[in-house]
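To start, the structure under review is shown below, and the notes come after it.
First listed ligand is number 1; within each ligand, the first listed atom is number 1.
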Amino acid sequence: MNLHEYQAKEIFTRYGIPVPVGALAASPEQARAAAKQVGGEKFVVKAQVHAGGRGKVGGVKLVEGFDAVEEAAKAMLGKKLVTIQTDAHGLPVNSVWVEKPSAIARELYVSAVVDRTLERVVFMASAAGGMDIEEVAHNTPEKIKHVSVHPAAGLQPYQARELGFFMDLTKEQVDQFTKIMLGLSKMITDLDCSLVEINPLIVTKEGNVFALDAKLNFDDNALFRQKEIANMRDPSQEDEREREASKFDLNYVTLEGNIGCMVNGAGLAMATMDIVKLHGGQPANFLDVGGGTTAEKVTEAFKLITKSPEVKAIFINIFGGIVRCDLIAEGIIQACKQTDLKIPVVARLQGTNMEKGRELLEKSGLKITPVSDLTEAAKTVVAAAQGK
Ligand code: GDP
Ligand code: MN
């Protein structure tokens with residue numbers, strides 16, 4: 001789960017990480033009021049969406065005067081912002097953050113992620129922060145320094161200092177930086193963060209270190225014990241179908257093709273997508289209904305797939321290991337009836353009770369083509385999606 005910059009900055013403050021003064025607004029009038037509250041003559045107006053790269057597409061505006069704040073807010077609010085980190089549709093801007101501008105001397109980069117291979121949190125820092133960190137990582141990886149943290153010991157001050165001196169901070173700045181890093185480390189553990197990114201972490205002209213941007217991701221599996229974080233969720237920034245899927249415990253990811261896939265097991269789902277692509281098709285989604293699925297889950301999964309207007313054919317590829325094929329067939333039949341299905345369905349049911357499952361599908365009178373060979377099934381569904 002992600003948070004908005006303004007929410008992340010509020011959490012930063014709790015952990016002693018300095019951020020500029022700012023206020024939130026959901027309308028141009030509120031933006032004016034927010035600017036008055038912040039004080040001064042110049043302001044930064046920042047579109048609040050769950051994506052970075054805003055600076056390059058007009059989502060971060062440096063303005064002077066209250067009228068200009070209102071105007072900038074008006075230009076952003078109610079629109080969708082498309083950045084390098086969003087899809088082609090972009091994300092809706094429902095609020096803006098009005099901030100006191102900082103006098104920037106240097107833009108640094110700091111982040112932390114859970115490295116699954118090392119089984120540790122890894123902190124990264126670079127003096128080459130700002131808007132092009134992806135290029136730095138790609139072209140000059142030596143400009144980014146990593147330290148990994150022992151889970152029992154936590155981030156040690158010497159490790160933070162190492163990163164600070166690597167970025168050529170002065171001794172005073174290294175002290176400030178170390179405080180920030182220890183705050184981050186505590187925050188990650190306390191709140192089950194999976195990723196933290198501050199880009200840029202700035203050194204101001206006065207020589208102070210501040211977080212100018214803030215990105216926080218959380219481990220969804222920990223949200224049951226992070227109630228406050230879970231309540232900060234903004235559904236407007238998430239894919240509606242993925243949200244619906246999570247309610248039924250389905251692993252679902254929206255993709256850009258036109259073949260809806262319903263598969264059990266993540267490995268089989270990946271293989272199914274591969275074979276669809278191999279035969280010239282494009283999957284509309286990744287969907288793993290899970291190993292021990294139920295007829296109800298199958299029905300919900302089916303509804304989810306058919307909700308996308310771009311889906312032109314459905315490919316069901318189920319291996320009956322723990323789950324029985326006849327039960328899957330029942331779920332499919334129920335779903336077809338409930339959704340008044342108009343598009344072709346190719347079903348490959350293998351394993352426990354597969355004969356019974358196929359028999360149920362045949363008797364149902366629905367337009368479902370049973371195919372037992374995987375390659376054959378993939379070719380059939382690709383052709384069906386192309387209207388052949
Ligand atoms: P992002 O593009 O979505 O990552 O948004 P950021 O919050 O990182 O802002 C993008 C860029 O805008 C930063 O790298 C800065 O160069 C610039 N910027 C943001 N806030 C300020 C500010 O207060 N003062 C100045 N001078 N520049 C700012
Ligand atoms: Mn940024």
Side-chain angles (χ1 to χ4, degrees), residues 2-13 17-25 31 34-35 37-66 68-69 72-73 75-77 79-87 90-113 124-138 143-144 167 180 184 193 195-217 234 237:
N2 296 342
L3 290 184
H4 284 295
E5 174 195 5
Y6 79 91
Q7 295 168 316
K9 280 182 168 168
E10 196 264 311
I11 293 173
F12 277 14
T13 310
I17 301 158
V19 298
V21 181
L24 190 72
Q37 186 191 322
V38 167
E41 274 144 37
K42 291 185 182 170
F43 306 94
V44 190
V45 181
K46 307 182 82 174
Q48 296 300 291
V49 289
H50 281 188
R54 297 164 300 169
K56 290 199 167 160
V57 293
V60 178
K61 282 261 159 65
L62 212 72
V63 297
E64 192 166 347
F66 299 134
V69 169
M76 292 176 195
L77 288 163
K79 309 253 164 61
K80 284 195 166 180
L81 195 69
V82 180
T83 82
I84 192 164
Q85 292 182 11
T86 68
D87 63 15
L91 289 170
V93 183
N94 298 322
S95 61
V96 294
W97 178 245
V98 181
E99 194 171 78
K100 199 180 211 39
S102 310
I104 304 176
R106 299 181 64 199
E107 298 200 16
L108 315 173
Y109 173 88
V110 171
S111 67
V113 287
M124 283 159 272
S126 175
M131 293 196 270
D132 294 313
I133 191 68
E134 285 80 6
E135 277 163 41
V136 174
H138 187 258
K143 288 189 179 164
I144 303 176
M167 295 189 292
I180 291 174
L184 280 182
C193 300
L195 176 146
V196 181
E197 188 183 66
I198 308 180
N199 187 29
L201 178 76
I202 58 160
V203 180
T204 63
K205 294 234 164 87
E206 300 79 43
N208 294 316
V209 186
F210 265 81
L212 205 65
D213 194 3
K215 177 173 174 151
L216 280 184
N217 287 2
D234 179 357
Q237 303 292 312

For [X], counting its heavy atoms only, list the atoms of ligand 1 lying under 4.0 Å from any of them.
| X | result |
| --- | --- |
| Val44 | 20 (N), 22 (C), 23 (O) |
| Pro200 | 8 (O), 14 (O) |
| Gly52 | 3 (O) |

Gap separating the [atom1] atom of [X] from the [atom2] atom of [Y], nearest 0.5 angstrom:
| X | Y | atom1 | atom2 | result |
| --- | --- | --- | --- | --- |
| Leu184 | Glu197 | CG | CD | 11.5 Å |
| Leu216 | Leu195 | CG | CG | 8.0 Å |
| Arg54 | Leu91 | CZ | CG | 11.5 Å |
| Trp97 | Met76 | CH2 | CE | 14.5 Å |

Please answer whether the main-chain N or O of [Y] pairs with a side-chain N or O of [X] as donor and acceptor at a distance below 3.5 Å.
| X | Y | result |
| --- | --- | --- |
| Lys42 | Ser102 | no |
| Asp213 | Ile198 | no |
| Glu99 | Lys46 | no |

Practice prompt. Answer side chain, backbone, both or neither: which part of Thr83 comes under 4.0 Å from ligand 1, heavy atoms only.
Written response: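 Neither; nothing of Thr83 gets under 4.0 Å from ligand 1.
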
Worksheet item: Which is it for Glu107 and ligand 1 at heavy atoms under 4.0 Å: side chain, backbone, both or neither?
Response: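 Glu107 to ligand 1: side-chain contact only, backbone stays beyond 4.0 Å.
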
Protein heavy-atom partner closest to [atom] - residue, atom, separation in Å:
| atom | answer |
| --- | --- |
| atom 10 (C) of ligand 1 | Met131 SD, 3.8 Å |
| atom 12 (O) of ligand 1 | Val60 CG1, 3.9 Å |
| atom 27 (N) of ligand 1 | Ile104 CD1, 3.3 Å |
| atom 18 (N) of ligand 1 | Leu212 CD2, 4.0 Å |
| atom 2 (O) of ligand 1 | Gly55 N, 2.8 Å |
| atom 5 (O) of ligand 1 | Arg54 NH2, 3.2 Å |
| atom 4 (O) of ligand 1 | Asp213 OD2, 3.0 Å |

Worksheet item: Is there a side-chain contact between Ile84 and Glu134 (heavy atoms, below 4.5 Å)?
Response: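 No, their side chains stay 4.5 Å or more apart.
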
Heavy atoms of other groups near [X] [atom1], more than 12 under 6.0 Å:
| X | atom1 | result |
| --- | --- | --- |
| Glu41 | CD | no |
| Ile104 | CD1 | yes |
| Lys9 | NZ | yes |

Worksheet item: Is at least one protein non-hydrogen atom found at under 4.0 angstrom from atom 22 (C) of ligand 1?
Response: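 Yes, at least one protein heavy atom sits under 4.0 Å from atom 22 (C) of ligand 1.
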
Worksheet item: Nearest non-hydrogen atom to atom 24 (N) of ligand 1 belongs to which of Ala211, Pro101, Ser102, Ala47?
Response: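 Going through Ala211, Pro101, Ser102, Ala47 one by one, Ser102 has the nearest heavy atom to atom 24 (N) of ligand 1.
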
Worksheet item: Under 3.5 Å, N or O to N or O, is Lys46 touching ligand 1 that way?
Response: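 So ligand 1 has an N or O lying under 3.5 Å from an N or O of Lys46.
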
Discussion item. I'd like to know if Lys56 contacts ligand 1, where contact means a heavy-atom distance under 4.0 Å to any ligand atom.
Written reply: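 Contact absent.
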
Worksheet item: Between Asp87 and Lys80, is a salt bridge (Lys or Arg N to Asp or Glu O under 4.0 Å) present by the stated rule, with each step listed?
Response: CA-CA 11 Å; Asp87 63 15; Lys80 284 195 166 180; over 6 Å; no

Practice prompt. Under 2.8 Å from the Mn ion (ligand 2), which protein N, O or S atoms are there? Could you list them by chain and number?
Written response: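 Asn199 O, Asp213 OD2, with waters left out.
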
Item to complete: Please test Gln237 against Val49 for side-chain contact (heavy atoms from CB on, under 4.5 Å), starting from the C-alpha separation and ending with a verdict.
Response: CA-CA 7 Å; Gln237 303 292 312; Val49 289; 3.6 Å; yes

Discussion item. Hydrogens and angles aside, do Thr204 and Glu206 bring a side-chain donor and acceptor to less than 3.5 Å of each other?
Written reply: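 Short answer, yes.
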
